[in-house]
Structures are given as C-alpha cells and as structure tokens.
Amino acid sequence: MVFKDFFHEVKSHPDYPTLKSISDTLEKFGIDNSPVRIKPEDLYNLDDPFLAYVNNKGHNEFAYVHPLPSQKIKFTTENRAESTVPIDEFAGQFNGIAVLLDLKKAKPSIVNLERSKSQRFFGFLIATIAVSTLTLLAFNFYKSSGSFFVNSTSIVFLTAHLVGLSLAIALVLKGLGESGTLLNKVCRVGKKADCDSVIKSKYSTVYAGIKWSDIGFIYFLIALYLMSVNSMGFVTLMAFVAFPYVFVSLYQQVFLIKKLCPLCLGVVTVLTINFVIALALISDLNLSLDQAFESGLTVALIGVLYLIVKSHIESRGANTVLLQRYNRLKRIPDVIQTVLKREEILVIPEKAPLQSMTFGSNEEDTIRIQALLSLHCGYCANVFKKLDSLLENNNINVALYLSLKANNHSQVSTLENIVNAYYSGHTTLAWSLLRGWYQKPNNSKKTWTGEPNELVKKIVFSTRYIMQSNQISSLPKLFVEGIEKSSHYSLTEYAKYARTVKSLSAIPKREMIINT
C-alpha cells in the first residue's frame with residue numbers, strides 16, 4: 001500500500017517522469033535520498049535498498065530494489081511483480097541510474113493515510129461481496145449434495161466450471177491492471193505468450209467496454225449458481241451456446257493478434273471440456289418454461305450486478321488517473337499564479353479603525369492568511385482546525401477577525417477572555433482558548449444583557465466592516481496574501497507554494513467577461 005501511494009505521488013509531480021519527481025516525492029515522505037550513477041561492479045557493495053528503472057521486455061519499469069546476501073538482489077516492479085535474481089542478471093536489466101534511500105525517517109503523509117483508508121474500505125466491500133457469493137454457492141451445493149454428487153460426470157462438470165471461473169477472475173484482474181507474480185509467470189510461458197497483448201487488443205472488447213473476460217466471468221458464475229440449484233438443463237444449454245467462442249478466440253490469438261494468452265487458452269480448454277460433457281448429458285436435457293424464465297432472470301441479474309461493480313472499479317481507476325493529472329497541472333507555478341489571480345481581492349480601508357488578532361510568525365517570507373470566522377458557525381470550526389494544524393507545522397501568519405451573536409452570554413464571555421489574554425501578551429493562551437471553544441463550543445441559551453468590553457467591540461466591528469466592504473454574506477471566509485483562497489488549493493498547498501503565492505501582485509489583472 002505504501003509503494004502504491006508513493007507511486008501515486010510520483011505521478012502527481014509536475015516533472016513526472018523525471019528523476020527529480022522521484023527525489024522530491026521521497027523527501028515528501030521524509031526519506032533522505034541521493035540520485036547516483038552505479039556501475040555494475042558497484043552493485044556488489046550495496047547493502048541498503050534503492051529505487052531504479054529495470055528493463056522488462058523492451059520497456060523500463062520503476063522498481064524497489066533490495067540487495068540480499070549471497071550476491072542476489074530482490075526487486076519489486078510497478079505491477080508488484082517480485083523477482084529474486086543474481087546480481088549479474090540484475091545488472092543486465094539495470095540502466096545504471098539509482099536513487100539511494102535512507103529509510104530511518106520514512107513516514108507516509110496524512111494525505112496518503114487518508115487515501116489508504118478509502119482504498120481499504122473499498123477493498124473490504126469487494127471482499128464482502130465475494131465472500132457472500134461464495135457462501136451462497138456453498139450453501140446451495142450443500143443442500144443439493146444428495147442429488148448432485150451422485151456420478152463422476154457431474155463432479156467433472158462442476159470442477160471444470162470452478163477452474164473456468166478461476167481463470168476468468170484472473171483475466172478480469174489482469175485487465176484491471178491487478179496481477180501478481182504468479183499471474184505474470186503464467187502469462188510468460190512460451191515464446192509467443194503475452195496476455196497483455198491479447199487482453200488489451202481491440203478484439204478483447206465485445207461492445208461498449210464489455211470484454212470477453214467479463215462475459216466469461218458472468219458465464220461461469222451463472223453456471224455454478226444454476227448447478228447449485230439443480231438447474232442442469234440450462235447449464236447444458238449454455239455449454240452448447242458458449243462452444244463457438246473457442247474458435248473465435250483461437251482465430252483472434254493465432255491469426256489476428258499473433259500472440260497467445262495462456263489464461264485465455266485455459267478458458268478455451270474448459271469450454272471444450274464442458275461441450276464434451278454437455279454432449280453426454282444431452283439425452284437428459286430437460287428444460288421447462290418456468291426453469292427457462294428463472295434461469296434467464298438469474299443471468300440478467302448476475303450480469304447487471306457484475307457490470308455495475310466492475311464499472312465502479314474502473315471509474316475509481318480513471319478518477320485516480322485524472323486526479324494525478326490534475327495535481328500535476330496545478331503544481332506548475334504559472335498555473336498557480338493564473339488561478340489565484342482570478343480570485344477576489346480583500347478590501348481593507350486604510351483609514352478605518354480596524355482591529356484584528358495576529359498569530360504565528362512575523363518573518364517577511366511567511367504566508368499571511370486573513371481569516372474571518374464566527375463563534376457560532378460549524379464550518380468555522382473545521383476551518384480553524386486546519387489553521388491550527390497549519391500554524392503548528394508551517395511558518396505562517398494568521399490575522400483573525402471574529403464575529404459572534406451579541407446576545408449570547410457564552411460567546412461574549414469567551415471572546416472577552418480571548419482578547420484579554422491576547423492584548424496582555426499571552427498570544428499562545430488566546431489561541432488555546434480559541435481551540436478549546438471550537439473543539440467544544442458552549443452555546444448556551446443564556447442571554448447576554450450587559451455590555452462587552454471595548455476590545456471585543458472593536459474586533460466585532462472590524463469583522464462586520466470588512467464583510468460589508470467586501471460584500472461577504474456568510475462566514476467562514478479566507479484570504480491569502482490579500483486574495484481570496486481558491487477552492488483548487490488547500491491551505492497546506494498555499495504554504496507549500498509560499499514563494500509563488502507571495503510573488504503575486506497586490507492587484508491582479510482581470511478580464512472583462514461579457515455574458516451573451
């Protein structure tokens with residue numbers, strides 16, 4: 001999972017696929033690294049893991065490499081294929097450029113942890129569906145074991161369909177780009193063996209994204225379900241209907257694609273076996289109208305459910321690619337400037353007696369954030385949480401303008417405590433009081449009948465004046481360096497691109513937009 005997240009960050013780098021993108025991403029993960037050029041004889045002297053590109057059948061693959069004792073090397077490529085080879089053999093695949101790693105300080109970022117949680121949750125849902133399906137099949141077979149497992153023909157028929165389903169699952173996973181070491185080894189058996197060429201060819205698609213591998217998976221799953229409920233007549237009929245695909249698949253692989261897929265050949269073999277068994281069972285073929293209707297409905301239901309799940313999986317993959325391109329694009333300095341300049345400018349009248357509380361660093365190179373928050377706003381609590389995290393981990397300056405309900409006793413008394421602490425020089429205490437409020441606000445219904453102190457009045461007046469001057473109707477509202485925060489960038493990204501953000505002019509140029 002960490003390797004996948006790391007590769008996601010590499011692909012999101014604006015300089016991908018250069019060595020700089022790898023080095024910068026390693027630093028983001030807290031990993032000290034050194035790009036170097038290594039001669040083949042130097043590989044014998046390496047003890048620590050490193051990253052490199054290795055040649056695999058004519059194309060380079062990104063790999064995590066770990067030297068082993070007894071002059072061997074273990075490496076894992078992008079598709080998670082793991083290999084252990086002698087150093088001499090690895091030297092023939094290695095292009096000579098590596099990134100040496102110091103993993104002592106390595107730690108995944110918060111963003112990666114959140115994405116990992118999402119991936120694990122989605123994996124849990126898929127696993128739940130798979131386990132539920134297998135449980136249903138096992139339960140049905142258990143109920144019908146007395147009538148089904150009575151002869152060798154039925155057992156062979158069942159075994160063939162189980163093998164076929166396993167091969168179909170492998171083809172679907174291969175098509176989705178999820179394949180392990182065993183699958184990769186199977187797909188490379190023979191000189192003309194190349195599963196990827198067959199699976200990714202135009203002949204693998206039947207219609208509108210539905211592939212032969214999808215039809216195969218649906219076919220074997222439906223057949224197993226019908227067998228489990230003793231609907232053998234329809235299973236036998238399906239074997240006859242599916243058999244012509246044997247010739248279609250062989251013709252495509254041998255004459256059109258000119259590559260062979262061992263997994264596809266396995267499916268072809270299973271379909272042939274099923275056809276032979278179906279010939280032996282044709283004399284017992286018995287299919288009533290009710291059975292035909294129920295079986296047809298089962299086919300439609302399972303097929304639709306499978307295609308929905310697969311479509312969702314593919315959409316997640318497509319969204320990941322789009323997200324990587326989006327992240328890569330928005331990290332380009334020219335794009336940052338263009339996007340941020342299109343946001344609204346904060347108007348603060350110079351002569352108005354405005355008062356704010358500032359926290360954080362006062363250095364010239366800090367990012368200045370103007371935050372308009374309310375003490376009676378749930379969204380404001382979320383924004384404050386982000387500001388709190390940013391203030392703790394980054395060199396920023398926050399100018400805080402606060403608003404409240406004037407008749408709310410809890411809010412007025414809390415703000416009085418905050419401003420008293422702040423103007424007494426205890427800025428850390430003032431921020432801590434704010435943190436405590438937003439973590440657990442005490443919005444009691446007790447009405448405030450007195451007068452707040454002058455400092456509170458100035459803070460509240462300043463916030464309202466700025467809201468009126470900038471036509472702000474609701475809070476929270478954030479401005480960075482006098483320009484409204486863009487929805488395309490998080491506060492963390494603003495801090496990360498501080499130099500680019502600070503280079504923006506105070507009054508950005510605007511285009512005239514005419515609606516016609």
Can you say whether the rings of His488 and Tyr326 are parallel (under 30°), tilted (30 to 60°) or perpendicular (over 60°)? tilted

Between Tyr64 and Phe75, is the gap from one ring center to the other below 6.0 Å? no

If the condition is salt bridge (Lys or Arg N to Asp or Glu O under 4.0 Å), which residues does Asp15 pass it with, not counting sequence neighbours? Lys20

Please determine, by modelled atom types, if Tyr16 and Thr25 share a side-chain donor-acceptor pair under 3.5 angstrom. no

Could you grab the distance from atom CG of Leu387 to atom SG of Cys380, nearest 0.5 Å is fine? 10.5 Å

Does the separation of the ring centres of Phe94 and Tyr53 fall below 6.0 angstrom? no

Would you say Asp102 and Asn33 are linked by a side-chain donor-acceptor pair, where the criterion is simply a distance under 3.5 Å? no

Looking just at side-chain N and O atoms, do His8 and Gln324 make a donor-acceptor pair shorter than 3.5 Å? yes

Between Trp212 and Tyr219, is the ring centre distance below 6.0 Å? no

Within 6.0 Å of CZ in Arg435, more than 12 heavy atoms from elsewhere: yes

Aromatic rings Phe50 and Phe90: how do their planes relate, parallel, tilted or perpendicular, breaks at 30° and 60°? perpendicular

Establish, from distance only, whether the side-chain atoms of Gln355 and Tyr423 form a donor-acceptor pair under 3.5 Å. yes

Salt bridge (Lys or Arg N to Asp or Glu O under 4.0 Å) with Lys457: which residues, sequence neighbours excluded? Glu451, Glu454

